Novice: 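The structure under discussion is supplied below as structure tokens; questions concerning it will follow.
These numbers come from a predicted model, not from an experiment. Note on naming: letters A, B, ... go to the chains in the order of the sequence lines (proteins, then strands), and numbering restarts at 1 for each one.
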Protein chains: 2
Amino acid sequence: MEDETTKLAKMLKALGNPVRLQILTYLASTHSCITNDIVQQIPLAQSTVSQHLKVLRQAGLILGEIEGPATCYCLSAQGFSWLRQHLTLTLDGLLITQEPNLIQLDIRTETE
Amino acid sequence: MEDETTKLAKMLKALGNPVRLQILTYLASTHSCITNDIVQQIPLAQSTVSQHLKVLRQAGLILGEIEGPATCYCLSAQGFSWLRQHLTLTLDGLLITQEPNLIQLDIRTETE
DNA sequence: TCCTTATATCGTACTTTTACGATATAATAA
DNA sequence: TTATTATATCGTAAAAGTACGATATAAGGA
């Protein structure tokens, strides 16, 4: 079985890639969400896009439905609402315990 | 310079790790946030924890302030508010465009 | 000065991710 | 049947992430 923290991390990890954020943004903007449409939008190989879609699907962020020879993808409302709920429980909650307007101070060494 | 999508992805990627989520949760729960306290909480080597802290710092999620020989860490309110804002603009927004109660349909092959 | 404490960084090994081209599969059209 | 289209998966190479022990540095105490 999978820990809730692990599942949350998996979702956030899936979100933590510019290409996948682009895909999600595109999926949000259209209802004709055939894989090939996405491939046209992203300047990467079809196999690479398919791999990203798999990551998003396994994280529970998108849904795939077969339509003839193609697959139609859309965002998973369930997945995003789960994410939002758990983000509210953790990350949003974190901020409340902090003072506002903290300024970044020197760190011992900062080479990168 | 860094793209906004890239910065957002960097933050989400930093969040997408169970250990780092644990660290953030601990940081939220206490104000005595010396590195060594965190090391006590996490069953990993000190160097590994330090590495995770670096990732969180470079993503703009935490702040480090030197206090004598130690470093005091806390959450970055600025960082989290930036994140919340951009999540609202993108991910939260995405859900609105979708129909509710979508059900996961068969995917062509699902081996994992 | 020497020792201890706290912490960052280095070197390294292993794993995972990311990208590609090639290929297999499934549905439809000719 | 054969060809075409759409897409997932395989094999692979390069890059990044994750963990460790060892080490360097900086501050403070004996």
Side-chain angles (χ1 to χ4, degrees), chain A residues 5-6 9-23 26-27 32-59 61-74 105-112, chain B residues 2 5-6 9-24 26-27 32-59 61-74 105-112:
Chain A
T5 302
T6 305
K10 190 175 179 180
M11 272 198 179
L12 290 165
K13 191 175 186 177
L15 289 171
N17 177 291
V19 173
R20 289 195 288 266
L21 285 177
Q22 264 187 270
I23 291 175
Y26 178 70
L27 276 179
S32 58
C33 46
I34 299 166
T35 307
N36 195 253
D37 294 338
I38 303 171
V39 173
Q40 304 308 317
Q41 297 286 322
I42 309 285
L44 293 173
Q46 176 265 322
S47 59
T48 304
V49 172
S50 186
Q51 211 170 342
H52 282 300
L53 289 170
K54 187 177 183 178
V55 171
L56 290 170
R57 190 161 49 76
Q58 291 185 337
L61 292 169
I62 66 174
L63 304 170
E65 183 188 358
I66 300 175
E67 285 193 357
T71 305
C72 181
Y73 280 105
C74 60
L105 299 176
D106 286 7
I107 192 66
R108 187 169 303 186
T109 51
E110 184 61 81
T111 50
E112 302 171 302
Chain B
E2 198 176 48
T5 302
T6 305
K10 190 175 181 182
M11 272 198 178
L12 290 165
K13 192 175 188 178
L15 289 171
N17 176 290
V19 173
R20 289 194 286 267
L21 284 177
Q22 264 187 270
I23 291 174
L24 292 173
Y26 178 71
L27 276 179
S32 58
C33 46
I34 298 165
T35 307
N36 194 254
D37 294 339
I38 303 170
V39 173
Q40 304 309 315
Q41 296 287 321
I42 310 285
L44 294 175
Q46 176 266 320
S47 59
T48 303
V49 173
S50 186
Q51 210 170 342
H52 281 301
L53 288 170
K54 187 177 183 178
V55 172
L56 290 170
R57 190 162 48 75
Q58 291 185 337
L61 292 169
I62 65 175
L63 304 172
E65 182 190 359
I66 301 174
E67 285 193 358
T71 305
C72 181
Y73 279 104
C74 60
L105 298 176
D106 286 5
I107 192 67
R108 186 169 301 189
T109 52
E110 185 62 82
T111 50
E112 305 172 300

Novice: Between B:Q40 and B:N36, is any side-chain donor less than 3.5 angstrom from a side-chain acceptor?
Specialist: yes
Novice: Over how many whole Å does the gap from A:I42 atom CD1 to C:dT18 atom P extend?
Specialist: 14 Å
Novice: Is any side-chain nitrogen or oxygen of A:H52 closer than 4.0 Å to OP1 or OP2 of C:dA19?
Specialist: yes
Novice: For D:dT18, take OP1 and OP2 only and decide whether either is under 4.0 Å from a side-chain N or O of B:R20.
Specialist: yes
Novice: Rounded to the nearest angstrom, tell me the gap between atom CD1 in A:I66 and atom P in D:dT7.
Specialist: 11 Å
Novice: Rounded to whole angstrom units, what separation is found between the CG atom of B:L56 and the P atom of D:dT18?
Specialist: 10 Å
Novice: Is any side-chain N or O of B:T35 closer than 4.0 Å to OP1 or OP2 of C:dT7?
Specialist: yes
Novice: In Å, rounded to the nearest 0.5 Å, how long is the span from CG of A:L21 to OG1 of B:T6?
Specialist: 9.0 Å
Novice: For a quick test of reading the model: is some side-chain N or O of A:T71 closer than 4.0 Å to OP1 or OP2 of D:dA8?
Specialist: yes
Novice: Tell me which nucleotide among C:dA27, D:dT9, D:dA19 gets nearest to the side chain of A:S47.
Specialist: D:dT9
Novice: Taking only side-chain nitrogens and oxygens of B:T48, does any of them come within less than 4.0 Å of OP1 or OP2 of D:dC20?
Specialist: yes
Novice: Would one find a side-chain N or O of B:N17 under 4.0 angstrom from OP1 or OP2 of D:dT18?
Specialist: yes
Novice: Between B:K54 (NZ) and C:dT7 (P), how many Å, whole number?
Specialist: 16 Å
Novice: Whole angstrom is fine here: how far is it from CG in A:D37 over to P in D:dT5?
Specialist: 16 Å
Novice: Does some side-chain heavy atom of B:N17 sit less than 4.5 Å from a side-chain heavy atom of B:V55?
Specialist: no
Novice: Starting at the 5' end of DNA chain C and moving along, which residue's nearest nucleotide shows up first, A:P43 or B:V39?
Specialist: B:V39
Novice: How many whole angstroms separate atom CD1 of B:I38 from atom P of C:dA6?
Specialist: 14 Å
Novice: Could you tell me how far apart A:I34 (CD1) and C:dT28 (C1') are, to the nearest whole angstrom?
Specialist: 14 Å
Novice: Nearest-nucleotide wise, let me know which of A:K13 and A:Q51 is further upstream toward the 5' end of DNA chain D.
Specialist: A:Q51
Novice: Given the structure, check if the side chain of A:Q46 and the base of D:dA6 hold any donor-acceptor pair shorter than 3.5 Å.
Specialist: no
Novice: Whole angstrom is fine here: how far is it from CG in B:L15 over to P in D:dG17?
Specialist: 14 Å
Novice: If the test is side-chain contact (heavy atoms from CB on, under 4.5 Å), which one of B:R57, B:H52, B:Q51 qualifies with B:K54?
Specialist: B:R57
Novice: Return no unless some side-chain N or O of B:S50 is found under 4.0 Å from OP1 or OP2 of C:dA8.
Specialist: yes
Novice: Taking the side chain as every heavy atom from C-beta outward, state whether A:V49 and A:V19 have any atom pair closer than 4.5 Å.
Specialist: no
